[in-house]
Protein chains: 2
Amino acid sequence: MECKNELQQLLADFKANHMPSVSIDCVIFGFHDGQLKVLLLRWKNTDDWCLPGGRIHKQENMDAAAHRSLRERTGLHEIFLQQFHTFGDVNRYRHYSQIETLAKLGLPEDVAKQVVSRDISVGYYALVEFANVVPTPDIFTDECRWWDIQQIPALLFDHNEMVSLALKTLRRQLSYQPIGYNLLPEKFTMPDLQQLYETILGQTMDRRNFQKRMLGYGILKRLDERKIGGAHKSPYLYRFDKEKYEKALETESLFTT
Amino acid sequence: MECKNELQQLLADFKANHMPSVSIDCVIFGFHDGQLKVLLLRWKNTDDWCLPGGRIHKQENMDAAAHRSLRERTGLHEIFLQQFHTFGDVNRYRHYSQIETLAKLGLPEDVAKQVVSRDISVGYYALVEFANVVPTPDIFTDECRWWDIQQIPALLFDHNEMVSLALKTLRRQLSYQPIGYNLLPEKFTMPDLQQLYETILGQTMDRRNFQKRMLGYGILKRLDERKIGGAHKSPYLYRFDKEKYEKALETESLFTT
DNA sequence: ATATAGTGTGTACTAGATACACATTGAACA
DNA sequence: TGTTCAATGTGTATCTAGTACACACTATAT
């Protein structure tokens, strides 16, 4: 099968042009339909899903490599992307039979073994605007789609752990920095924003207090428009004040006296 | 010079037994004399200082490699050690002429070049009890000692940046988790603890409010003893309630309703 | 004995977070 | 057409954590 040669060629190229031992994995969060979603890839000829990832070119910044991966999977250019943890356990592949999985790709076992020696993987998480994403599989996979965070199946490698830690990091970030700019459309309602927060944190909040707090941050601008077409009273539309939002991102509140 | 052969041999061993492309660097914090200190190494035959670091054995967990490095530099076994960021810019060595520096070790330039291709480096930070540390140089260095955080010189590589970010992470951690267990001796006074906090955060605090807050966390146990020998009224001694301290480490306070 | 400087302790005040209720609107339905 | 319903808009009382602040005590130094 020609796919086999193509893969072997690809692996050879990888070896020549990419840093050995190190890879990148991305937990890409999107928000749609009141649900927090993660973009996953399905390996060719399998039912096994994993996170999108990539490798670092020898003359490429690591962050740039992560952006490149993301761009290739989503079509998006300007995105919130941040490393959250680096994974380096010897047995990070323990949850599955990796040789077996690679064999399904049509690789001979000896080639497969080269691929599966433990790598250090730098985990990034991204926040993207759901509607703008064009999910695109890579050469190893034949499907790329969103999964509800609640319904993610057992993933390959240590990728479930990565998703958990990315979510934990996202939640923590919420406690000292604003979030939403990259997850919501440009104009959104206060209930939209609240639903986002509730979904990420996994808990409900008081409508009135939530609004008070958000407005208190001074990063929102209420528009004159209201959202029309809803079944009930029309809520106001808001958008982020980009400048103040950026400032708030830098000024993280700390333990002080 | 025999040192040269020894070094070349060492590098060959490194290549065979360690993961390529990836290294570890440690920002080791200690507290002494009212000052926050960092452990630095001075390169052989130079006045250039850098952070202690290491490489990962092919069959070794990354965290274990970091612990090993730390053990080798400090003699300490049980220590607080946590990764805080992974550095992967192409120009992370831009701040110095690396070939030149390596030449001072007695390495021929061609060998030196192999060494200096950009690596990904995983940054760890450690909190250790100052008094128990036995600073020990490694094969590349002939001095290992503590530096006041305020007086750290221009370091090799991107190590100044690493120290800054480690400190920033430490400060942030202070805002949602207790700190002190690994930086103070077993028994300490409230003023000791306050001085630690003030040093890390770089700001003074109200004595009474600080005590109230710390006791409010419920992780301290006041002993019947007082510290004797001081020039003034004897302060009480405290120790951490290990169990509650550990619990507090897990239960990080988040943005909630 | 006296001075000095650091420690032990308590109370009033402030601001942010929380709990909570009623009026308004727009579509759906009778 | 008007009645119903569910969601939105808005304000106030309360609670709690954080902050500001003062006086008494004690161990050494003189």
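Order of the sequence lines sets the chain letters (A, B, ...), proteins ahead of strands, with each chain counted from 1.
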Item to check | Selected nucleotide, minimal atom distance to B:P191 side chain, candidates C:dC20, C:dT7, D:dT10 | outcome: C:dT7
Checklist entry - Which nucleotide in the set C:dT25, D:dT26, D:dC21 lies at the smallest distance from any side-chain heavy atom of B:K233? => result D:dT26
Checklist entry - Below 6.0 angstrom between ring centroids: does that apply to B:Y124 and B:F84? => result no
Checklist entry - Between B:Y197 and B:F210, what is the ring plane arrangement, given parallel below 30°, perpendicular above 60°, and tilted in between? => result perpendicular
Item to check | Residue among B:F31, B:F29, B:W146 satisfying ring pair (Phe, Tyr, Trp, His ring centres under 6.0 Å) with B:F130 | outcome: B:W146
Item to check | First encountered from the 5' end of DNA chain C, between B:M190 and A:H232 | outcome: B:M190
Item to check | Side-chain donor/acceptor contact of B:K212 with base of D:dT16 under 3.5 Å | outcome: no
Checklist entry - For the residue pair A:W49 and A:W147, does the interplanar ring angle fall in the parallel (under 30°), tilted (30 to 60°) or perpendicular (over 60°) class? => result perpendicular
Checklist entry - CG of A:L223 versus P of D:dG9: gap in Å, rounded? => result 13 Å
Checklist entry - Nearest of D:dC25, C:dT9, D:dT8 to any side-chain atom of A:P235? => result D:dT8
Checklist entry - Can you find a donor-acceptor pair, distance only, under 3.5 Å between A:R208 side chain and C:dA17 base? => result no
Next on the checklist: Considering every strand and a 4.0 Å limit on heavy-atom distances, what is the contact class for B:G216: base, sugar-phosphate, or nothing?
Outcome noted: nothing
Checklist entry - Whole-Å distance between D:dT10 C1' and A:R226 CZ? => result 12 Å
Item to check | Length of the line joining B:M205:CE and D:dA20:C1', which is rounded to integer Å | outcome: 16 Å
Checklist entry - For residues B:Y238 and B:D192, is any side-chain donor paired with an opposing acceptor at under 3.5 Å? => result no
Item to check | Integer-rounded Å distance: D:dT10 C1' and A:L215 CG | outcome: 11 Å
Next on the checklist: Rounding to an integer number of Å, can you tell me how far A:K227 NZ sits from C:dG26 C1'?
Outcome noted: 14 Å
Item to check | Spacing of B:D192 atom CG relative to C:dG6 atom P, expressed in whole Å | outcome: 14 Å
Item to check | Interatomic distance, A:M214 CE vs C:dG16 C1' [rounded to whole Å] | outcome: 14 Å
Checklist entry - Expressed in angstrom and rounded to an integer, what is the separation of A:D206 atom CG from D:dT10 atom P? => result 15 Å
Checklist entry - Would you say the side chain of B:R207 and the base of C:dG8 hold a donor-acceptor pair, judged only by whether the two atoms sit under 3.5 Å apart? => result yes
